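Order of the sequence lines sets the chain letters (A, B, ...), proteins ahead of strands, with each chain counted from 1. Here the structure is a predicted model, which is why all the values come from computation and not from measurement. Heavy atoms only: backbone and side chains are in, while hydrogens, waters and symmetry mates are out.
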Amino acid sequence: MKKGDHLFLVDGSGYIFRAYHALPPLTRKSDGLPIGAVSGFCNMLWKLLREARNTDAGITPTHFAVIFDYSSKTFRNDLYPEYKANRSAPPEDLIPQFGLIREATRAFNLPCLEMEGFEADDLIATYCRLACEAGGDTTIVSSDKDLMQLVGPTVGMYDPMRDRQIGILDVIEKWGVPPEKMIDLQALTGDSVDNVPGIPGIGPKTAAQLLEQFGDLDALLERASEIKQNKRRESIIDNADKALISRQLVTLRTDVPVTEALDDFVLHPADGPKLIGFLKAMEFSSLTRRVAEATGTEAGEIEAATVAVERADTAHGPDVGSGVQALEVDEKTATGTAAKEEGFTPSFLAAKRAEAAVADKIDVDAYHCVRDLPTLEVWIAEAREAGVVAFDVETTSLDPMQAELCGFSLATAPGRACYVPLGHKSGQDDLLGGGLVDGQIPIRDALSTLKPLMEDSSVLKIAQNLKYDLVVMQRHGVDVTPYDDTMLLSYVLDAGVTGGHGMDFLADKWLGHKTIPFKDVAGSGKSFIGFHQVPLDKATCYAAEDADVTLRLWQVLKPRLAAKGLVSVYERLERPLVPVLAAMEQRGISVDRQILSRLSGDLAQGAARLEEDIYALIGERINIGSPRQLGDILFGRMGLPGGSKTKTGQWSTSAQLLEDLAAEGHELPRKIVDWRQLTKLKSTYTDALPGFIHPETGRVHTSYALAATTTGRLSSSDPNLQNIPIRTAEGRKIRTAFIAEKGHKLISADYSQIELRVLADVADIPQLKQAFADGADIHAITASEMFNVPVEGMPSEVRRRAKAINFGIIYGISAFGLANQLSIPREEAGAYIKQYFERFPGIRDYMDETKAFARENGYVETVFGRRIHYPEIRSSNPSVRAFNERASINARLQGTAADIIRRAMIRMEGALAEAGLSARMLLQVHDELIFESVEGEVEATIPVVRTVMENAAMPAVSLSVPLQVDARAADNWDEAH
DNA sequence: ACAGAAGCTTA
DNA sequence: GTAAGCTTCTGTT
């Protein structure tokens, strides 16, 4: 140890008692072992290590040790037999925890010190002296006044529970004397807890005043006769011997023959797996999670250590009173066979949680409505204590970019939840908008009180569909971290399982609880009132229920993640995407109103012209948009050939059918198809998009759903920006309205043939892998292999058919579907497929394997381990079964591609920041990412984007086929793509 | 006012 | 043949 080093000495014994008394009584592990004090101790240690390391201004320890009392008998008992004689035996449920706390210290990789015949305080005093002599500083982690005598220029104290530093000035402030006079002060006052006699009638105030007057105890006793007050003078003279023995008792020994050197206390980084093994054994789930996060450990992969608590009468003297707990962590079996034999497997624990959740009924009338700041502060303190809190925001709109905050709810334990109304209005929603309901905390005050909790790295926030709440909160300047999302947990666990991942459904499924329907509190349709108009009592039941249910769902779902081996899918592909998408949604994209308006006019004109032609041809003014009326005219009255019926018995008027008729030379069907295209473009795009331009940002903010598809793809809505036209020239014009900000460019980067590349890799097809490695035209190569024709000079029709087959494979091909796609007889399509499988037998094997796996397990997996369930794959209905087989084949490919672009998106922001680029990701369209970049940075941005995307599978998966990304920049989306 | 069907847009 | 979302029409609530 040298100058500049900093030693932390933790008064472990002091903490055992403080933690025990500070925490709710009788906190027990599932097997009944009491662990309240262990929990408090571990949380304190972890917080101390984290904060001490993290704070810039704080003190960073270089050396660290935790010190315990060895037994209750020390040299002081020889000096004064009554010392600590009135101490009662420790509470029954604290006894087994002494050993566990020492074990906890070792699990934290920290030295654990004790010495026979001495108190912890003496060891602390001795090490303080040694550190001081070595030139280092010391912080004593304790708030015990017995240790204050050690405070000096290089020695401070710290009370982590009150987050308070104690220095020389603090000692003077509290006791009225400087630290070096604390011994004399204690000698005078004594200590009833430790049975140190002191001088009767002298308390801290008098003692301080006397010491101020006489200097020190010796001088005081010598000149006691000078004291004016009769009683005080006599007491001091009569009890001088008690004061002297007291001084001996309270003076800490700095000469303990310690065996460990200061250099043995050098602080090492936490050993994640070791610590997590212990924490799991103690069932400290929230601390386990925090430690896993901070140490970068996959907690799911670590099993609980075997921590055996045995009562043994060893030579190791009693800690306090009776009973000794020798405790061992068996390193050899730490990976868990013992745990399994006891039945405490992740699956077992998950099942237990699920059982308990259904049994614990929900009472929506038990919630609290928080209407003042002090009460909110109590709830926030409770959340801090719990380490986890479920929350939910209530607003006036489903669109988080437009929503106004009405209030938020918190849940700190099942059944313990509150609603905090902020923006509820009274009276009619007239021009004045109604006044705020009385007794609501001002939004600014509530949020500035809530913000530190939401951003506290040691408190896990839980939400259902967090992205919504995150966007709302971020708009109010509040971030949320760390977090879990119950919707995403359900999605990772149960994608494809019937029922979806909405809260109402999940509450019924897992908790057996029917949630209050939103329309019951806010009405619907014409009777709809915004949430801000809902009376506070109703709002409280509804909103707090959401938080309560969310917390309970988390308790059920989170353990299932580890039980099913899906922790890394959740933590790497799902959870990190939430803030990425929240940011994209908030950025939005610029859309040119004028371009859309002009297009809308053109389309209206074109459609009107066609309408007139159509009316002329059929002789009456029907509603062309009505397939029913149209079918009746075309196939009924006009008697066109080739009519077919839909499953509801209506005449089909599908585009495919009308196209076929047009090809036979009929004029009318062609015009109808054209009319439909124009009206479709007008209504869905040019007319609807301007309505999505945000009044303040002037941009269009789509909403991405993370848990809407079964395969892992995202979906986009309000508006859907993943189906903006591109195939026809007319449609493409709509893309020209998506523009870059002034001085910026849009960059579009898309994966080339990503699903076929994934297929080539997972099905291991040599010809396809070679073609991709060569950068060849994959459809031409396929055609060449199948039809034995050279790539050079290949007719475009041959390539087109091969292309259709390649896509068909991705979709789980059927002769029926391929025949439809290529407008060829089913037999011919079947022959193509046969030919394809002969040339690429690996693909047939791959498809057969996938079907067999899905049938066996009820799900398929992507390359990254995402599971997609097909509960109907064993259906006795052949067409249902075939559909599920095709879907499962497609899901592995589509899902793997979706996972890859997710990984790219998660890394993109960091990569751009690292490269010092200001480009920002705006949109995702399944295999394409759209960015906005300052004009001058475009050239530098494209390679960064390309690198991130092309390497997105790494290092988790090394594909045998290269990924290729095409990227381009332009002023609008049409030209960039 | 709502739900489902039909139809059309995307990857 | 896979995966989505939006608009319109139509019949029911």
Side-chain angles (χ1 to χ4, degrees), chain A residues 495-496 519 523-528 622-631 645-658 672-673 675-685 687-689 691-692 702-705 708-728 730-732 734-735 750-756 759 804-822 826 829-830 833 847 868 870 879 882-895 897-898 901 923-928 977:
Chain A
K519 61 179 185 335
S524 66
K526 217 176 169 186
S527 67
F528 175 78
I622 62 159
N623 182 350
I624 307 170
S626 163
R628 203 190 109 123
Q629 291 182 40
L630 202 58
K645 298 283 180 79
T646 66
K647 62 183 169 206
T648 55
Q650 294 296 313
W651 290 108
S652 169
T653 64
S654 69
Q656 179 67 61
L657 196 147
L658 297 181
I672 293 167
V673 168
W675 179 88
R676 278 186 178 163
Q677 195 206 3
L678 299 187
T679 53
K680 170 77 178 178
L681 294 175
K682 183 170 183 292
S683 67
T684 308
Y685 303 104
D687 288 354
L689 280 172
F692 285 102
T702 184
S703 175
Y704 287 104
T709 73
T710 47
T711 55
R713 274 190 178 180
L714 303 178
S715 80
S716 156
S717 65
D718 310 294
N720 181 356
L721 296 185
Q722 290 180 325
N723 71 346
I724 302 303
I726 191 166
R727 278 178 31 243
T728 66
E730 280 299 304
R732 282 187 84 110
I734 291 162
R735 292 197 169 217
D750 67 300
Y751 284 107
S752 162
Q753 310 283 13
I754 187 166
E755 288 176 13
L756 274 179
L759 172 72
I805 294 170
N806 276 335
F807 275 98
I809 296 293
I810 293 169
Y811 298 152
I813 205 149
S814 75
F816 182 85
L818 183 62
N820 261 342
Q821 178 66 29
L822 289 174
R826 190 132 41 117
I833 294 169
M847 294 174 107
I868 301 140
Y870 289 96
S879 71
F883 174 81
N884 278 273
E885 286 171 355
R886 290 193 299 271
S888 62
I889 288 164
N890 173 253
R892 285 181 74 184
L893 305 172
Q894 190 185 109
I901 197 165
L923 302 178
Q924 189 251 39
V925 192
H926 308 308
D927 64 3
E928 175 188 14
H977 186 79

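- Legend: residues meeting side chain to side chain contact (heavy atoms under 4.5 Å, CB included) with A:S814, ordered by chain and number and at least two apart, are A:F816, A:R886.
- Judged by distance alone, the side chain of A:T684 and the main-chain N or O of A:L681 form no donor-acceptor pair under 3.5 Å.
- The residue A:A655 sits close only to the backbone: its heavy atoms come under 4.0 Å of sugar-phosphate atoms, none of a base.
- Contacts of A:I810 with the nucleic acid, taken as non-hydrogen atoms under 4.0 Å apart, are absent.
- Residues that satisfy the salt bridge (charged side-chain N to carboxylate O under 4.0 Å, His left out) test with A:R826, not counting sequence neighbours, are absent from this structure.
- Every residue two or more places apart in sequence or in another chain that forms a side chain to side chain contact (heavy atoms under 4.5 Å, CB included) with A:T646 is listed here: A:T648, A:Q650, A:S652.
- Here the P atom of nucleotide C:dC6 and the CG atom of A:L689 are 11 Å apart, to the nearest Å.
- Rounded to whole angstrom, the span from the CD atom of A:Q894 across to the C1' atom of C:dG1 amounts to 13 Å.
- Atom CD1 in A:I734 sits roughly 20 Å away from atom P in C:dG5 (whole-Å rounding).
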Letter per nucleotide, 5' to 3', of nucleotides 8-13 of chain C [B base touched, S only sugar-phosphate touched, - untouched; heavy atoms, 4.0 Å]: SSSS--
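- Residue A:N723 is in base contact, counting any heavy-atom pair closer than 4.0 Å across all strands shown.
- Contact annotation for A:Q677: backbone-only contact, meaning every heavy-atom pair under 4.0 Å involves sugar-phosphate atoms and none involves a base.
- Partners of A:A708 under the side chain to side chain contact (heavy atoms under 4.5 Å, CB included) rule, at least two apart in sequence or in another chain, are A:A705, A:S715.
- A:I724 comes within 4.0 angstrom of sugar-phosphate atoms only, judged by non-hydrogen atoms across all strands, and of no base.
- Nucleic acid contact class of A:T679 (heavy atoms, under 4.0 Å, all strands): none.
- For A:F692 and C:dG5, the CZ to C1' distance is 11 Å, given to the nearest whole Å.
- If you check C:dG5, C:dG1, C:dA3 against the side chain of A:N720, the one that comes closest is C:dG5.
- At the heavy-atom level, A:F807 lies nowhere under 4.0 Å from the strands shown.
- Here the P atom of nucleotide C:dA4 and the CG atom of A:L923 are 20 Å apart, to the nearest Å.
- To the nearest angstrom, C1' of C:dT2 lies 15 Å from CZ of A:F816.
- Atom OG1 in A:T679 sits 8.5 Å away from atom CD1 in A:I624 (nearest 0.5 Å).
- Using a distance-only test at 3.5 Å, with no hydrogens or angles considered, no donor-acceptor pair links the side chain of A:R713 to the main chain of A:Q894.
- Using a 4.0 Å heavy-atom distance criterion, A:A898 is classed as making no nucleic acid contact.
- Of the possible donor and acceptor atoms, none in the side chain of A:D718 sits under 3.5 Å from a partner among the backbone N and O of A:T702.
- Nucleic acid contact for A:I809: none, since no nucleic acid atom lies under 4.0 Å from a heavy atom of the residue.
- For C:dT7, the OP1/OP2 oxygens have no side-chain nitrogen or oxygen of A:T684 closer than 4.0 Å.
- At least one donor-acceptor pair closer than 3.5 Å links the side chain of A:Y870 to the backbone N or O of A:A887.
- A:A829 comes within 4.0 angstrom of no nucleic acid atom, judged by non-hydrogen atoms across all strands.
- Using a 4.0 Å heavy-atom cutoff across all strands shown, A:S717 reaches sugar-phosphate atoms only and no base atom.
- Between the CD atom of A:Q722 and the C1' atom of C:dC6 there is a distance of 13 Å, rounded to whole Å.
- If you take CD on A:E928 and CD on A:Q722, they are separated by 10.0 Å, rounding to the nearest 0.5 Å.
- Between atom CD1 of residue A:I889 and atom CE of residue A:M847 there is a gap of 4.0 Å, rounded to the nearest 0.5 Å.
- Going from atom CG of A:L756 over to atom C1' of C:dT2 covers 13 Å, rounded to whole Å.
- As judged by a 4.0 angstrom heavy-atom cut-off over every strand, A:R713 is placed among the base-contacting residues.
- Bracketed by its first and final contacts, the part of DNA chain B lying under 4.0 Å from non-hydrogen atoms of chain A reaches from B:dA1 to B:dA11 in 5' to 3' order.
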